[in-house]
Amino acid sequence: MKFTKLMLVIAAFSAASTAYADSNLGVSVTEKPRPGVPQARWTYINITDSYGQNRNAKFNYSISNYNINFDWVTNDGLTGGCRIYYDVNKDASTVWDDQVAKRRYDTTKLILSNLKPGDQLFVQSAFGQNSAPCEVTVSHKIGL
């Protein structure tokens with residue numbers, strides 16, 4: 001009986017520490033104009049542990065009603081943002097653009113739910129329009 005109680009306590013502590021895992025993440029955000037297309041920007045969001053957090057950098061996202069909204073502040077204090085939208089009413093559409101929008105939304109949601117130190121998000125978006133559509137990809141460095 002004592003063994004069972006001990007295992008329950010250990011399970012509760014491990015579940016609680018997993019729930020707060022994101023609080024141990026930090027970010028470093030850099031941004032530059034896309035070469036040859038000055039109205040577009042490339043934003044790099046490096047996910048680190050809390051010790052690698054840049055003093056100015058912030059990265060926030062929200063997922064609701066088939067919208068993913070991003071807001072960030074770069075290491076230099078510049079603000080940016082963008083969004084990914086998927087029209088759920090077009091779920092069964094065979095139109096290429098609708099299928100791409102659904103994959104973009106689903107893939108980005110999956111990327112965001114699995115962020116860990118070592119990941120780098122690459123965001124392509126427009127300057128001056130923090131609600132403009134964007135593309136998000138991820139890379140992860142594995143090694144010592």
Side-chain angles (χ1 to χ4, degrees), residues 4 6-144:
T4 305
L6 179 61
M7 293 309 290
L8 287 173
V9 170
I10 291 172
F13 279 125
S14 66
S17 65
T18 303
Y20 294 105
D22 288 345
S23 66
N24 293 324
L25 296 178
V27 294
S28 174
V29 182
T30 57
E31 190 171 87
K32 65 181 181 179
R34 180 177 168 187
V37 187
Q39 65 272 24
R41 63 182 162 199
W42 285 350
T43 305
Y44 298 91
I45 301 160
N46 293 302
I47 309 300
T48 66
D49 59 19
S50 59
Y51 298 107
Q53 172 66 42
N54 180 280
R55 189 177 80 225
N56 294 326
K58 293 182 176 95
F59 174 66
N60 300 304
Y61 66 87
S62 63
I63 302 172
S64 65
N65 296 329
Y66 300 95
N67 273 300
I68 302 176
N69 295 300
F70 299 95
D71 293 301
W72 60 79
V73 176
T74 68
N75 298 349
D76 299 325
L78 304 172
T79 60
C82 63
R83 72 181 182 97
I84 293 174
Y85 172 71
Y86 164 58
D87 186 351
V88 71
N89 296 317
K90 297 181 179 179
D91 201 33
S93 174
T94 58
V95 176
W96 175 256
D97 289 342
D98 297 337
Q99 292 176 356
V100 169
K102 179 178 168 94
R103 278 195 307 275
R104 181 179 301 126
Y105 173 81
D106 289 341
T107 303
T108 304
K109 190 167 77 168
L110 187 62
I111 288 170
L112 294 172
S113 66
N114 290 296
L115 288 176
K116 55 193 156 298
D119 286 346
Q120 181 186 58
L121 295 176
F122 174 61
V123 181
Q124 300 181 70
S125 61
F127 273 119
Q129 297 179 3
N130 291 346
S131 62
C134 59
E135 296 276 337
V136 178
T137 57
V138 67
S139 64
H140 184 77
K141 297 174 186 161
I142 301 173
L144 300 174

Legend entry - Heavy-atom closest contact (Gln53 atom, Thr48 atom, distance): N-OG1, 3.7 Å
Going by atom type alone, with no hydrogens or angles, which donor-acceptor pairs under 3.5 Å involve a side-chain atom of residues 73-84 and a protein atom two or more places apart or on another chain?
{"residue": "Thr74", "atom": "OG1", "partner": "Asp76", "partner atom": "N", "Å": "3.2"}
{"residue": "Thr74", "atom": "OG1", "partner": "Gly77", "partner atom": "N", "Å": "3.4"}
{"residue": "Thr74", "atom": "OG1", "partner": "Leu78", "partner atom": "N", "Å": "3.0"}
{"residue": "Asn75", "atom": "OD1", "partner": "Val29", "partner atom": "N", "Å": "2.8"}
{"residue": "Asn75", "atom": "ND2", "partner": "Ser28", "partner atom": "OG", "Å": "2.9"}
{"residue": "Arg83", "atom": "NE", "partner": "Ser131", "partner atom": "O", "Å": "3.1"}
{"residue": "Arg83", "atom": "NH1", "partner": "Asn67", "partner atom": "OD1", "Å": "3.4"}

Inset, instruction - Just jot down the ring pair (Phe, Tyr, Trp, His ring centres under 6.0 Å) partners of Tyr44, sequence neighbours excluded, or say none. - result: Phe122
Inset, instruction - Output the distance between atom OH (Tyr51) and atom CG (Asn24), rounded to the nearest 0.5 Å. - result: 8.5 Å
Inset, instruction - Quick one: pull up NZ in Lys58 and CZ in Arg55 and give me the separation to the nearest 0.5 Å. - result: 11.0 Å
Legend entry - Side-chain donor/acceptor of Asp119 to backbone N/O of Lys116, under 3.5 Å: yes
Legend entry - Backbone N/O of Ala101 and side chain of Asp98: donor-acceptor pair under 3.5 Å: no
Legend entry - Given Leu121, Asn46, Leu25, Val123, the one that forms side-chain contact (heavy atoms from CB on, under 4.5 Å) with Phe59: Leu121
Inset, instruction - Using a 4.5 Å cut-off on heavy atoms from C-beta on, say whether the side chain of Ile47 contacts that of Val27. - result: yes
Legend entry - Atom pair CD/NZ of Gln99 and Lys90 - distance to nearest 0.5 Å: 12.5 Å
Inset, instruction - First locate atom CD1 of Ile111, then atom NE2 of His140, and finally report the distance between them rounded to the nearest 0.5 Å. - result: 13.0 Å
Inset, instruction - Any chance you could measure Thr107, atom OG1, to Lys102, atom NZ, to the nearest 0.5 Å? - result: 10.5 Å
Inset, instruction - Can you see which heavy atom on Phe127 is nearest to which on Ala40, and at what distance? - result: CE1-O, 3.3 Å
Legend entry - Side-chain heavy-atom pair Trp42, Lys32 within 4.5 angstrom cut-off: yes
Inset, instruction - Specify whether Tyr66 and Tyr105 have parallel, tilted or perpendicular ring planes, treating 30° as the upper limit for parallel and 60° as the lower limit for perpendicular. - result: tilted
Legend entry - More than 12 heavy atoms from other groups under 6.0 Å of CG on Asn65: no
Legend entry - Side chains of Tyr86 and Ile68 in contact at under 4.5 Å (non-hydrogen atoms): no
Legend entry - Under 3.5 Å: donor-acceptor pair, side chain of Arg41, backbone of Ala126: yes
Legend entry - Euclidean distance, Asp87 CG relative to Ser93 OG, rounded to 0.5 Å: 9.5 Å
Legend entry - Heavy-atom side-chain contact between Phe70 and Ile45 under 4.5 Å: no
